[in-house]
Amino acid sequence: MEIKSSQFVTSSSKLSQCPMDGKPEYAFIGRSNVGKSSLINMLTGRKGLAMTSSTPGKTMLINHFSVNEQWYIVDLPGYGYAKRSKRDIEKFNHLISSYITEREQLTCLFVLIDSRLEPQKIDLEFVHFLGENQVPFAIVFTKADKSKPLQLKQNVQKFHDALAEEWDELPPCFITSSAKALGREEVLNYINSINKQIL
Ligand SMILES: Nc1nc2c(ncn2[C@@H]2O[C@H](COP(=O)(O)OP(=O)(O)OP(=O)(O)O)[C@@H](O)[C@H]2O)c(=O)[nH]1
Ligand SMILES: [Mg+2]
């Protein structure tokens with residue numbers, strides 16, 4: 001799919017502030033610092049579109065980016081950032097979970113997983129939560145340029161194995177690197193294939 005245009009639209013601290021035009025939304029979530037905002041910049045081909053940072057906890061609001069004036073990319077705050085205050089963690093968890101469970105326009109949630117790590121409890125619990133709430137999702141392994149080929153293969157396999165314990169059918173999985181633009185076509189083609197059915 002060709003990205004003809006992409007632009008920042010709005011940042012929302014609650015669901016009621018999100019755009020009301022009903023266009024389909026593809027949202028990106030995962031632990032803080034996993035590379036959500038970088039992936040969005042890689043997909044759109046615009047380096048400074050979503051703000052990135054080497055310090056976790058950069059994205060704190062729901063950010064909508066309009067693509068080809070037809071659909072939205074949504075950058076969400078990361079989960080599992082321990083250095084936040086308890087009150088902030090509760091606030092973010094509420095914001096994220098209300099978006100995920102109540103937002104009708106949410107078409108697919110991309111769950112980002114750091115390809116350098118073995119399956120993490122917090123990610124598996126999050127995927128379990130998606131299952132309980134029947135949220136359509138796909139898995140995106142990030143930072144593939146930073147992991148050794150064998151390590152990458154093993155971590156992906158272990159994550160598949162962990163998912164297979166709970167799921168009969170595996171969700172779509174993508175291996176990406178924002179630094180090397182790896183996986184760009186695959187993710188965009190997947191989004192396009194869904195858009196073709198609904199737009
Ligand atoms: N080498 C490499 N570094 C990456 C990649 N993706 C992200 N990074 C780096 O990882 C750090 C975090 O990236 P972000 O995109 O800001 O992560 P995030 O998930 O949006 O983080 P929060 O908004 O804080 O939750 C930055 O220093 C990025 O440059 C990648 O594919 N390869
Ligand atoms: Mg971010």
Side-chain angles (χ1 to χ4, degrees), residues 3 6-13 18 25-67 72-85 87-100 106 108-117 119-127 129-130 137-153 155-156 159 173-188 190:
I3 305 281
S6 55
Q7 69 205 55
F8 169 75
V9 176
T10 189
S11 293
S12 312
S13 63
C18 291
E25 297 183 357
Y26 296 85
F28 294 80
I29 189 124
R31 282 187 310 131
S32 278
N33 214 238
V34 70
K36 300 174 290 295
S37 302
S38 302
L39 184 76
I40 289 167
N41 292 340
M42 184 272 266
L43 292 175
T44 56
R46 292 191 47 197
K47 273 211 159 82
L49 187 64
M51 273 197 270
T52 65
S53 166
S54 55
T55 318
K58 176 72 184 174
T59 308
M60 294 199 275
L61 299 164
I62 299 174
N63 296 295
H64 278 75
F65 302 91
S66 172
V67 183
Y72 289 110
I73 280 179
V74 180
D75 193 10
L76 295 170
Y79 55 73
Y81 180 44
K83 282 189 187 155
R84 284 187 175 129
S85 70
R87 198 155 165 262
D88 274 352
I89 290 175
E90 278 166 13
K91 195 171 83 186
F92 283 117
N93 284 350
H94 177 73
L95 183 63
I96 293 168
S97 68
S98 64
Y99 176 84
I100 291 170
L106 175 60
C108 179
L109 183 66
F110 289 94
V111 182
L112 274 58
I113 304 291
D114 191 329
S115 69
R116 296 170 299 178
L117 307 177
Q120 303 286 301
K121 193 165 168 246
I122 191 165
D123 292 325
L124 294 171
E125 281 174 357
F126 183 75
V127 171
F129 167 81
L130 298 180
F137 71 96
I139 301 287
V140 176
F141 295 96
T142 63
K143 307 191 184 184
D145 60 289
K146 277 195 165 181
S147 50
K148 298 189 183 77
L150 181 64
Q151 182 194 33
L152 175 71
K153 201 171 160 225
N155 288 340
V156 168
F159 202 87
C173 291
F174 303 95
I175 292 173
T176 68
S177 159
S178 298
K180 302 261 187 265
L182 181 77
R184 183 173 185 269
E185 283 304 304
E186 288 80 359
V187 174
L188 289 178
Y190 181 65

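Atoms considered below: every heavy atom in the structure, side chains included; atoms not considered: hydrogens, waters and symmetry mates. Both counts, for ligands and for their atoms, begin at 1 and track the order of listing.
Checking Tyr26, Phe126, Phe28 one by one against Leu109, the side chain to side chain contact (heavy atoms under 4.5 Å, CB included) holds for a single residue, Phe126. In summary, of the residues considered (Leu152, Asn155, Val156, Ile175), a side chain to side chain contact (heavy atoms under 4.5 Å, CB included) with Ser147 occurs for Leu152 alone. Checking Phe110, Phe174, Phe159 one by one against Phe141, the ring pair (Phe, Tyr, Trp, His ring centres under 6.0 Å) holds for a single residue, Phe159.
Asp88 is linked by a salt bridge (Lys or Arg N to Asp or Glu O under 4.0 Å) to Lys91, counting only residues two or more places apart in sequence or in another chain. Partners of Glu125 according to the salt bridge (Lys or Arg N to Asp or Glu O under 4.0 Å) rule, which considers only residues two or more places apart in sequence or in another chain, are Lys121. For Arg46, there are no salt bridge (Lys or Arg N to Asp or Glu O under 4.0 Å) partners two or more places apart in sequence or in a different chain.
By the 4.5 Å heavy-atom criterion applied to side chains, Ser6 and Ile73 are not counted as neighbours. At least one side-chain heavy atom of Ile3 sits under 4.5 Å from a side-chain heavy atom of Arg184. Inter-residue side-chain proximity for Tyr99 and Ser12 is flagged as unmet; no heavy-atom pair is nearer than 4.5 Å.
Each of the following atoms of ligand 1 lies closer than 4.0 Å to a heavy atom of Ser177: 31 (O). Heavy-atom contacts of Ser37 reach the following atoms of ligand 1: 15 (O), 20 (O) (cutoff under 4.0 Å). For ligand 1, the atoms sitting less than 4.0 Å from at least one non-hydrogen atom of Pro56 are 24 (O), numbered in the order shown with element in parentheses. Ligand-side atoms of ligand 1 in range of Gly35: 7 (C), 13 (O), 14 (P), 15 (O), 17 (O), 18 (P), 19 (O), range being under 4.0 angstrom from any heavy atom. Less than 4.0 angstrom separates some heavy atom of Ser32 from each of these atoms of ligand 1: 25 (O). Listed by atom number, the atoms of ligand 1 under 4.0 Å from Ser54 heavy atoms are 27 (O). Atoms of ligand 1 lying under 4.0 Å from at least one heavy atom of Lys146, given by number and element, are 1 (N). For ligand 1 and Asp145, the ligand atoms under 4.0 Å from any heavy atom of the residue are 1 (N), 2 (C), 30 (C), 31 (O), 32 (N).
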Could you walk me through whether Arg31 and Leu117 pass the side-chain contact (heavy atoms from CB on, under 4.5 Å) check? CA-CA 12 Å; Arg31 282 187 310 131; Leu117 307 177; 2.9 Å; yes
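At under 3.5 Å, a nitrogen or oxygen of Val34, whether backbone or side chain, sits near a nitrogen or oxygen of ligand 1. Close N/O approach between Thr52 and ligand 1 is not found [any backbone or side-chain N/O within under 3.5 Å]. Backbone and side-chain nitrogen or oxygen atoms of Lys143 are examined, and one is located within less than 3.5 angstrom of a nitrogen or oxygen of ligand 1.
In this structure, atom 31 (O) of ligand 1 lies nearest to the protein heavy atom Ser178 N, 2.7 Å. Atom 25 (O) of ligand 1 has as its closest protein heavy atom Lys36 NZ, 2.9 Å. Nearest protein heavy-atom contact of atom 23 (O) of ligand 1 is Thr59 OG1, 2.8 Å. The single protein non-hydrogen atom nearest to atom 21 (O) of ligand 1 is Asn33 N, 3.0 Å, given as residue, atom name and distance.
Within the protein, the N, O or S atoms sitting under 2.8 Å from the Mg ion (ligand 2) are Ser37 OG, Thr59 OG1.
One option in Gly183, Ser38, Gly78, Ser53 has a heavy atom closer to atom 6 (N) of ligand 1 than any other, and that option is Ser38.
The CD1 atom of Ile113 sits 9.0 Å away from the SG atom of Cys173 when rounded to the nearest 0.5 Å.
Looking at Lys36, its side chain does come within 3.5 Å of a backbone N or O of Gly30 through a donor-acceptor pair. When atom types are taken as modelled, the side chain of Thr142 and the backbone of Val34 share a donor-acceptor pair closer than 3.5 angstrom. No donor-acceptor pair closer than 3.5 Å links the side chain of Arg116 to the backbone N or O of Lys146.
Remark: distances from the non-hydrogen atoms of Thr142 to ligand 1 are all 4.0 Å or more.
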